[in-house]
Amino acid sequence: TGVATMKFKSPPVNSLSLDFLTEFCIGLEKLENDRACRGVIFTSTIPKIFSSGLDITEMYGKSTEHYAEFWRAVQEMWLRLYGSNMVTVAAINGSSPAGGCLVALSCDYRIMVENPKFSIGLNEAQLGIVAPFWFKDTFVNVVGHRVAESSLQLGSLHAAPEAHRIGLVDELVPEEKLQERAAAVMAQWLALPDHARQLTKSMMRKAVLDRLVAHREEDIQNFTTFISKESIQKSLRMYMEMLKKKKG
């Protein structure tokens with residue numbers, strides 16, 4: 001059919017670790033290079049979670065070299081996905097905070113399971129972290145400036161119905177219909193000539209992609225400086241302890 005499905009399977013919560021991001025980019029590159037592949041559907045094999053976002057353990061108690069390597073991998077994932085020539089559909093079958101939300105935002109179309117217990121959003125502010133400009137740009141391009149501004153400042157996680165209302169996801173479906181609907185949407189997008197769609201996508205997204213490419217090293221530097229700060233490391237430690245208590 002010319003359509004691939006990429007399933008996230010990194011228990012317990014599909015955290016975007018350095019290994020995960022590297023595998024993701026390799027997988028995406030293989031599909032891009034496969035002439036027969038025109039579209040890819042992203043989903044999760046783990047119940048109730050699409051992706052919990054960036055792996056906090058990659059950002060805590062490590063060397064600046066490690067932080068730089070990790071951040072470059074995050075950039076690479078976004079550059080490849082946001083700039084992909086393929087049709088990209090996110091079949092969001094669970095919660096998707098922070099970096100998980102970024103993955104979904106970077107796709108062409110987002111379908112989420114209509115379960116009010118599932119939420120999605122860029123909630124970095126809650127951890128005392130600031131979402132970088134290219135996260136912000138991607139978000140603004142989907143939901144508009146006003147919604148993005150308040151959502152980013154408050155670090156909001158939007159329950160599925162709210163996410164649909166603000167345009168963060170394009171549609172909600174019952175869980176059992178998710179894959180079927182993703183395939184139907186994909187078929188709709190693939191009914192068009194690839195070159196016209198690809199050129200239009202590039203035109204719409206080029207300025208945002210170019211901005212990161214032009215400031216990539218500076219962005220890595222900003223991240224490593226910021227994440228190395230004692231106050232930020234303390235915030236992350238407190239957050240990890242809170243998660244441990246929840247699990248306990």
Could you check whether any side-chain heavy atom of R146 comes within less than 4.5 Å of a side-chain heavy atom of S150, counting everything from C-beta outward? yes
Is any side-chain N of the basic residue among E76 and R80 closer than 4.0 Å to the acidic one's carboxylate O? yes
Spacing of L168 atom CG and M112 atom CE [to the nearest 0.5 Å]: 8.0 Å
Take atom CD of E230 as the centre, draw a 6.0 Å sphere, and report whether it contains more than 12 heavy atoms from other residues, nucleotides or ligands. no
Judged by atom type as modelled, is there a donor-acceptor pair below 3.5 Å linking the side chain of K48 to the main-chain atoms of K117? no
Any donor-acceptor N/O pair, S95 side chain to S119 backbone, under 3.5 Å: yes
Just do the ring pair (Phe, Tyr, Trp, His ring centres under 6.0 Å) check on F20 and F8 with the steps written out, would you? CA-CA 9 Å; F20 185 106; F8 303 153; 5.4 Å; yes
Specify the closest pair of heavy atoms between N14 and S44, including all atoms of both residues, with the distance to one decimal. ND2-OG, 2.9 Å
Working to the nearest 0.5 Å, report the span between CE of M59 and CG of L236. 6.0 Å
Have a look at W134 and tell me which of F223, W71, Y82, F139 forms a ring pair (Phe, Tyr, Trp, His ring centres under 6.0 Å) with it. W71
Quick test of your reading: applying side-chain hydrogen bond (donor to acceptor under 3.5 Å, both in side chains), list the pairs with at least one residue in residues 18-33, sequence neighbours left out, ordered by first then second residue. E32-S84
Pair Q75, D219: side-chain N/O donor-acceptor within cut-off below 3.5 Å: yes
Shared hydrophobic cluster for L105 and V140 (ILVMFWY, side-chain gaps under 4.5 Å): no
Strictly distance-based, threshold 3.5 Å: is any side-chain N or O of Y67 a donor or acceptor partner for the main-chain N or O of I227? no
With a 3.5 Å distance limit and no angle check, can you tell me whether D137 reaches the backbone of V208 through a side-chain donor-acceptor pair? no
Check R165 with E162, please: is the shortest side-chain N to carboxylate O separation under 4.0 Å? yes
For S151 and H158, work out which heavy atoms get closest and say how close. OG-NE2, 2.8 Å
With hydrophobic residues grouped by side-chain heavy-atom distances under 4.5 Å, do M242 and M238 end up in a single group? no
For a quick test of reading the model, state the closest non-hydrogen atom pair linking E124 to V130 and the distance between them. CB-C, 4.5 Å
Below 4.5 Å, heavy atoms only, C-beta onward: do T5 and V40 meet side chain to side chain? no
From S202 atom OG to N85 atom CG, the distance as rounded to the nearest 0.5 Å: 8.0 Å
Roughly how far, to the nearest 0.5 Å, is OG1 of T43 from CD1 of I111? 10.0 Å
Please determine whether a side-chain nitrogen of the Lys or Arg among R72 and E69 lies less than 4.0 Å from a carboxylate oxygen of the Asp or Glu. no
Below 4.0 angstrom, N of the basic side chain to O of the carboxylate: do R205 and D108 qualify? yes
Common cluster, I166/L152, ILVMFWY with side-chain heavy-atom separation under 4.5 Å: yes
Working to the nearest 0.5 Å, report the span between OG of S235 and OH of Y239. 12.0 Å
So V103 and W78, do their side chains get closer than 4.5 Å, heavy atoms only? no
Search all heavy atoms of L102 against all heavy atoms of S106 and return the closest pair with its distance. O-OG, 2.7 Å
Side-chain heavy-atom pair F226, I129 within 4.5 angstrom cut-off: yes
Go through the side-chain N and O atoms of E218 and H215 and say whether any donor and acceptor fall under 3.5 Å apart. yes
Hey, mind stepping through S52 and S15 against side chain to side chain donor-acceptor pair (under 3.5 Å) and telling me if it holds? CA-CA 5 Å; S52 67; S15 293; 3.2 Å; yes
Where do S228 and Q233 come nearest, in terms of heavy atoms and distance? O-CG, 4.1 Å
So does I92 get a backbone contact from the side chain of S96, meaning a donor-acceptor N/O pair under 3.5 Å? no
When you measure from the side chain of K201 to the backbone N and O of M86, does any donor-acceptor pair fall under 3.5 Å? yes
Does the side chain of E217 reach to within under 4.5 Å of the side chain of Q221, using non-hydrogen atoms? no
Given the side-chain rings of F42 and F24, with only the six-membered ring counted for Trp, is the space between their centroids under 6.0 Å? yes
Under the 3.5 angstrom rule, does the side chain of Q126 hit a backbone N or O of G155 as a donor-acceptor pair? yes
N93 and its side-chain contact (heavy atoms from CB on, under 4.5 Å) partner, picked from L178, N115, I49: L178
Please examine the side chains of R197 and D194, heavy atoms only from C-beta on, and report whether any two atoms are closer than 4.5 Å. yes
For V3, does its backbone N or O pair with a side-chain atom of R38 as donor and acceptor, under 3.5 Å? no
Side-chain heavy-atom pair I232, L127 within 4.5 angstrom cut-off: no
Using modelled atom types and a 3.5 Å cut-off, is there a donor and acceptor pairing between side-chain atoms of D170 and backbone atoms of R110? yes
Criterion side chain to side chain contact (heavy atoms under 4.5 Å, CB included) on L209 and L79, from CA distance to verdict: CA-CA 7 Å; L209 287 160; L79 288 167; 4.0 Å; yes
Tell me, do F70 and L54 make a side-chain contact under 4.5 Å, heavy atoms counted? yes
For H66 and L18, work out which heavy atoms get closest and say how close. CE1-CD2, 4.2 Å
CD on E65 to OG1 on T224, rounded to 0.5 Å: 9.5 Å
Give the intermediate values and the outcome of side chain to side chain contact (heavy atoms under 4.5 Å, CB included) for residues Q179 and I41. CA-CA 9 Å; Q179 295 307 321; I41 295 167; 4.3 Å; yes
Hphob cluster co-occupancy, F50 + V142, side-chain heavy atoms under 4.5 angstrom: yes
If hydrophobic clusters are built from ILVMFWY residues whose side chains come within less than 4.5 Å, do V89 and L172 share one? yes
